[in-house]
Colleague: 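Here it is, the structure, as structure tokens.
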Amino acid sequence: MIADGKFGIYGGIFVPELLIPALEELEGAFIKYKDDKDFNAELDYYLREFAGRPTSLYYARNLSEKLGCKIYLKREDMLHTGAHKINNTLGQGLLAKYMGKKRLIAETGAGQHGIATAVVGALLKMPTEVYMGSEDVQRQKLNVFRMELSDAKVIPVDSGSRTLKDSINEALRDWISNVEYTHYLIGSTMGPHPYPTMVKHFQSIIGRETKKQIMEKDDKNPDVIIACVGGGSNAIGIFSEFIEDENVELVGVEGGGNGVNSGKTGATLSVGTEGVLHGSLSFVLQNKYGQINEAHSISAGLDYPGVGPEHAHLKVTGRAKYVAINDKEALHGFKLLSKYEGIIPALESAHAIAYLEKYVQLRENKGKTIVVNLSGRGDKDMFLVAEEMGEEV
Amino acid sequence: MKIENNPRIESYDDMFKRVKDNDEGAFIPFIVAGDPDFETSLQIVRAMLDCGADALEIGFPFSDPVADGPTVQSADIRALNSGMNTNKGFEFIRRIRDFTQIPIGLLVYYNLIYKMGVNEFYRKASVSGVNGILAADLPPEEADPAVEAARDNGINQIFLAAQTTSNQRLEKIIELCSGFLYVVSVMGVTGARSKLKVSTVELVERMRSHTQLPICVGFGISKPEHVTEVIDAGADGAIVGSALINAMTDNLDNPESKVRECCHIMKKATQKSSLSRCE
């Protein structure tokens, strides 16, 4: 490998030897193409014409008036397939194509990354297989159907807890076995080097656009940026452009589940400890012997017992702050944005909205300019939310 | 006392020399500690020793074993459900040491080591009688702390090498590796297979041209033909895991009997160019 893939002490390449040549090849291709004119022209084209970039930085007037501050929403929810995931799947999918790979595989929890991979597979004419925990397949039948419509094959995973972390294990096993012609399209800023760096690169367009837009509107940086964190790709995407601007406060919001100390939580940075999972050193939810615990969150996208290594670094260095919002609070955030702005957020993004409300309740935060990364839209969550509200749809 | 100076424990070097003198290869069975429970897996180890094991590979179960196929995954889950953990794993090794001197290798995932503290893990391993440690997800890039702890505690740090490992990487691996080199015979995860895909002769010869270390082949070695094939190809030993776990789980009421039978046949297959059957 050319780089060590470390963020402070976090990150790295903790994988079986069999995967190293594939990671070396991927790192080499990423370095070669990330600044390549033709590659970027093609990626820009698809981001614009296929995915719908740029997304607006929307001034949420009603919510701003209600909460007594200036709130902008970065509208990643407006993208094709409904979330920021497509930024990364287009980038990696195209890279795989340039590398001459013939097949894409991906893991998915609720199905959002699976769908974003499936449509890119269809677009680039690459056969696509998506690993999905059999529990999740049952819970998210609609998304399975959407993936299959785009001609992806969904493979239910019956091992372990039958959820996201097990589908990652299974995708890694597939990759170990079929590494010559397969690209493993990891959906978040996690995994072994070069994935955390590469996914950040493809998601950093969120931060670049945000900076340009806020400069046009306000001619200055926001005071704070709030984003939800599961693996952490939308957060690192919007943070990336502002990490050097130390006057901008960065806040990551994790899925607290039933509460961070309930044992049923996805708040890895809040209550996890250092450990090695899925190829990198970061924070993980684990027992005292290092066995990985199952995570819990109402939002499948935050339901993961690990977190991207750069977030671990931003946390321990104090550059970013990480907080947790529990399931109930997230539902409140979901309703709040729907009611005041007519924008139905994904349950993941609803965590960021819920924290926004808490944040501005502190007197010192009144009047601040706040950007919330609205990472996805809530269409996928309708049935779940209705059920939680006791409504029948 | 460190393993290398402990007269009651055979070193890898001595073991490989012993089998070579007999014109055989080493038969190294693998089992997950605590599968299906502590006492039963201890009985299985006894059976393996009775039936010709030259060294043992003991896996500590992990919740997310990415290098393992379904057979070892299930074994890990059974072991974890039976209450196995890292401390009990070392207790398991101590119990095995009551009745054997042959080399014992640990096969683990790095998080178990990291969580306990690298040096503490190696210290405990050494005290319990472990000869070598292989962390399946620890390539040379990340291995400095482990290699140092291994050296301090008189333990051999064992590494994986595969068909896709370049000669340049191989040199780096060999620099850090001791005890033996664990060569992966297939491109894939552990598990029984009908055929070994890679040309084993070519693979072993290439590895041999880079190192004097003993070479053991594992992953997918599930039939006596495979054992004979890798020994004939010039390997010093064959590591058999999933096939034995399958033999055990086929008959959980009397898990020992099939394991005994299978071990006998596998050991016999390490005698050069001898073929027999294990169904």
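By convention in this document, chain letters (A, B, ...) are assigned in the order of the sequence lines, proteins followed by strands, and residues within each chain are numbered from 1.
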Colleague: Any side-chain to backbone donor/acceptor pair from A/R173 onto B/D68? Under 3.5 Å, distance only.
Modeller: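 Looks like yes, one N/O pair under 3.5 Å.
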Colleague: Taking atom CD as the centre, does B/E120 end up with more than 12 heavy-atom neighbours from other residues, nucleotides or ligands that are less than 6.0 angstrom away?
Modeller: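 Above 12, so yes.
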Colleague: Using heavy-atom distances under 4.5 Å, tell me whether B/F62 contacts chain A through its side chain, its backbone, both, or neither.
Modeller: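 Contact with chain A involves both backbone and side-chain atoms of B/F62.
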Colleague: With rounding to the nearest 0.5 angstrom, report the CZ to CG distance, A/F14 to B/D137.
Modeller: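 Going from the CZ atom of A/F14 to the CG atom of B/D137 covers 8.0 Å.
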Colleague: Under 6.0 Å from the NZ atom of A/K264, do we count more than 12 heavy atoms belonging to anything else shown?
Modeller: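 Open: at most 12 neighbouring heavy atoms sit under 6.0 Å from NZ of A/K264.
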Colleague: More than 12 heavy atoms of other residues, nucleotides or ligands under 6.0 Å from CD of B/E171: yes or no?
Modeller: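 More than 12 heavy atoms, drawn from other residues, nucleotides or ligands, come within 6.0 Å of this atom.
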Colleague: Most heavy-atom pairs under 4.5 angstrom with chain B, which of A/D4, A/I13, A/V179?
Modeller: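 Answer, by heavy-atom pair count under 4.5 Å with chain B: A/I13.
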Colleague: Between B/P65 and chain A, with a heavy-atom cut-off of 4.5 Å, which part of the residue counts as in contact: side chain, backbone, both or neither?
Modeller: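 The answer is both parts of B/P65.
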Colleague: So what's closer than 4.5 Å to chain A heavy atoms on B/A143: side chain, backbone, both or neither?
Modeller: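 Neither part, no heavy atoms under 4.5 Å.
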Colleague: Is it true that A/E274 and B/K115 make a salt bridge, defined as a side-chain N closer than 4.0 Å to a carboxylate O?
Modeller: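 Salt bridge: no.
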Colleague: Looking at B/P61, is its backbone amide N or carbonyl O close enough to the side chain of A/Q291 to form a donor-acceptor pair, meaning the two atoms are under 3.5 Å apart?
Modeller: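 Looks like yes, one N/O pair under 3.5 Å.
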Colleague: So which of A/K288, A/Q286, A/M1, A/H278 has the largest heavy-atom pair count under 4.5 angstrom toward chain B?
Modeller: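 Heavy-atom pairs under 4.5 Å are most numerous for A/Q286.
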Colleague: Within the 4.5 Å heavy-atom criterion, are B/V184 and A/E17 side-chain neighbours or not?
Modeller: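 Not touching, per the 4.5 Å side-chain cut-off.
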Colleague: Counting only non-hydrogen atoms closer than 4.5 Å, does A/I20 touch chain B with its backbone (N, CA, C, O), its side chain (CB onward), both, or neither?
Modeller: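 Side chain only.
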Colleague: Hey, what do you get for CG (B/D64) to CG (A/N169), rounding to the nearest 0.5 Å?
Modeller: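 Between atom CG of B/D64 and atom CG of A/N169 there are 4.5 Å.
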Colleague: Treating B/N111 as the side-chain partner and A/V276 as the backbone partner, does any N or O pair qualify as donor plus acceptor under 3.5 Å?
Modeller: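 Answer holds: yes.
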Colleague: So which part of A/L277 gets closer than 4.5 Å to some heavy atom of chain B, the side chain, the backbone, both or neither?
Modeller: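 The side chain, not the backbone.
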Colleague: What distance separates A/S159 OG from B/D76 CG, expressed to the nearest 0.5 Å?
Modeller: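 Rounded to the nearest 0.5 Å, the OG-CG separation comes out at 11.0 Å.
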Colleague: Is the shortest heavy-atom distance from the side chain of B/E141 to the side chain of A/H193 under 4.5 Å?
Modeller: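 They are not in side-chain contact.
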Colleague: Heavy-atom pairs under 4.5 Å with chain B: which of A/D158, A/V15, A/V284, A/D174 has the most?
Modeller: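 Top count of heavy-atom pairs under 4.5 Å with chain B: A/V15.
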Colleague: OG of B/S63 to CG of A/N293: how many Å apart, nearest 0.5 Å?
Modeller: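 Here the interatomic distance stands at 8.0 Å.
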Colleague: Among the options A/L18, A/T273, A/L19, pick out the one with the most heavy-atom pairs lying under 4.5 Å from chain B.
Modeller: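 The answer is A/L18.
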Colleague: Look at A/P16, A/P192, A/G12 and state which one has the largest set of heavy-atom pairs under 4.5 Å with chain B.
Modeller: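 Greatest number of close heavy-atom pairs with chain B: A/P16.
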Colleague: Name the region of A/L281, side chain, backbone, both or neither, that has any atom closer than 4.5 Å to a heavy atom of chain B.
Modeller: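 Contact with chain B is through the side chain of A/L281 alone.
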Colleague: Between A/P21 and chain B, which part of the residue has a heavy atom less than 4.5 Å away: side chain, backbone, both or neither?
Modeller: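 Looking at A/P21, just its side chain touches chain B.
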Colleague: As an exercise, state the distance from NZ of B/K88 to OH of A/Y289, rounded to the nearest 0.5 Å.
Modeller: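 Here the rounded value is 7.5 Å.
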Colleague: What part of B/L80 gets within 4.5 angstrom of chain A, counting heavy atoms only: side chain, backbone, both, or neither?
Modeller: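 When you check distances to chain A, only side chain atoms of B/L80 fall under 4.5 Å.
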Colleague: Which one wins on heavy-atom pair count under 4.5 Å against chain A: B/I173, B/T164, B/N85, B/I77?
Modeller: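 Option with the greatest count: B/N85.
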Colleague: What do the steps show when you test B/R169 against A/E24 for side chain to side chain contact (heavy atoms under 4.5 Å, CB included), and what is the final call?
Modeller: CA-CA 11 Å; B/R169 278 192 70 77; A/E24 283 179 335; 3.7 Å; yes
